[in-house]
Amino acid sequence: MKYKSRSLRLNNNKISELHDLQMTVSHFLAEPSQLTWLDLSFNKIFHIDEVLCDFKELRVLYLHGNSIYNLSEVDQLGVLPHLHTISLHGNVIETNKGYRTRIVSALPGIKRVDFSAVTNEERVLTKIWCDSNNRRSRDRKETLQ
């Protein structure tokens, strides 16, 4: 039996790999391409797998309480045009300096990070941070040449 739902809760299941996620979603949902809300919290996930980018209608993604340690993996989620809410707290990446700023930078359409709204002031500060980092990278490249 397949459900006519656009949301799926796979939290608290000791999931460590996401490579079979497409198959799992197809098993439960009548229209897997219409998935808009996915809860993968409190599993044993170490990486943000690119398979998440296949769900183009995804709007809410819960990944909190896992073991994700590479902050740059958040960048690939930028291809999700409707993603407006993400939770990543309780992962190793949360200890990185600029954690929240990096997420807001990587996901320009994001409205909520870790159940807290992204403010206009935060967007301005993120833009300044990005511009500063881009300038430093450009200066380093010029120095090396």
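Counting from 1, the numbers follow the sequence of the chain as shown.
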Return the minimal non-hydrogen interatomic distance between [X] and [Y], and the atom names on each side.
X: Asn91; Y: Ser67; answer: OD1-N, 3.1 Å
X: Leu29; Y: Ser7; answer: CD2-O, 4.0 Å
X: Ile93; Y: Leu71; answer: CG2-N, 3.4 Å
X: Ile110; Y: Thr85; answer: CD1-N, 3.6 Å
X: Lys56; Y: Leu80; answer: CA-CD2, 4.2 Å
X: Ile45; Y: Leu18; answer: CD1-CD2, 3.9 Å

Side chains of [X] and [Y]: closer than 4.5 Å at any heavy-atom pair?
X: Phe55; Y: Val25; result: yes
X: Arg112; Y: His84; result: no
X: Trp37; Y: Leu8; result: no
X: Val113; Y: Leu88; result: no

Any Lys/Arg nitrogen of [X] or [Y] sitting under 4.0 Å from an Asp/Glu carboxylate oxygen of the other?
X: Glu121; Y: Arg123; value: no
X: Asp75; Y: Arg102; value: yes
X: Arg100; Y: Glu122; value: yes

To the nearest 0.5 Å, what is the distance between [atom1] on [X] and [atom2] on [Y]?
X: Leu125; Y: Ser105; atom1: CG; atom2: OG; answer: 12.5 Å
X: Leu40; Y: Ser87; atom1: CG; atom2: OG; answer: 9.5 Å
X: Leu21; Y: Glu50; atom1: CG; atom2: CD; answer: 12.5 Å
X: Ser41; Y: Leu10; atom1: OG; atom2: CG; answer: 9.5 Å
X: Ser33; Y: Leu58; atom1: OG; atom2: CG; answer: 12.0 Å
X: His64; Y: Asp39; atom1: NE2; atom2: CG; answer: 6.0 Å

Is there a continuous path of hydrophobic side-chain contacts, each under 4.5 Å between heavy atoms, that joins [X] to [Y]?
X: Phe28; Y: Leu52; answer: yes
X: Leu61; Y: Phe46; answer: no
X: Val60; Y: Val51; answer: no

Check: His89 ring centre within less than 6.0 Å of Tyr99 ring centre = no
Kindly state whether the ring of Phe115 and the ring of Tyr62 have centres lying under 6.0 angstrom apart.
-> yes
Can you confirm whether [X] is buried at [atom1], in the sense that more than 12 heavy atoms of other residues, nucleotides or ligands lie under 6.0 Å from that atom?
X: Lys111; atom1: NZ; value: no
X: Glu31; atom1: CD; value: no
X: Gln76; atom1: CD; value: yes
X: Lys2; atom1: NZ; value: yes

Has the side chain of Asn66 got a donor or acceptor atom that lies under 3.5 Å from a matching backbone atom of Ile68?
-> no
Could you tell me whether the side chains of Asp114 and Ser116 share a donor-acceptor contact shorter than 3.5 Å?
-> no
In sequence, state the C-alpha distance, the side-chain angles, and the governing distance for Glu57 and His82, and then conclude on side chain to side chain contact (heavy atoms under 4.5 Å, CB included).
-> CA-CA 6 Å; Glu57 296 301 316; His82 306 292; 3.7 Å; yes
Please report the C-alpha distance between Lys127 and Val124 in whole Å, then the side-chain angles of each, then the deciding distance to 0.1 Å, and finally whether the side chain to side chain contact (heavy atoms under 4.5 Å, CB included) criterion is met.
-> CA-CA 5 Å; Lys127 177 150 179 28; Val124 168; 5.8 Å; no
Let me see the working for Asn12 and Asn43 under side chain to side chain contact (heavy atoms under 4.5 Å, CB included), right down to the final yes or no.
-> CA-CA 5 Å; Asn12 296 292; Asn43 280 293; 5.8 Å; no
Carefully, step by step, assess Asn11 and Arg9 under the rule side chain to side chain contact (heavy atoms under 4.5 Å, CB included).
-> CA-CA 6 Å; Asn11 57 311; Arg9 289 183 185 210; 3.5 Å; yes
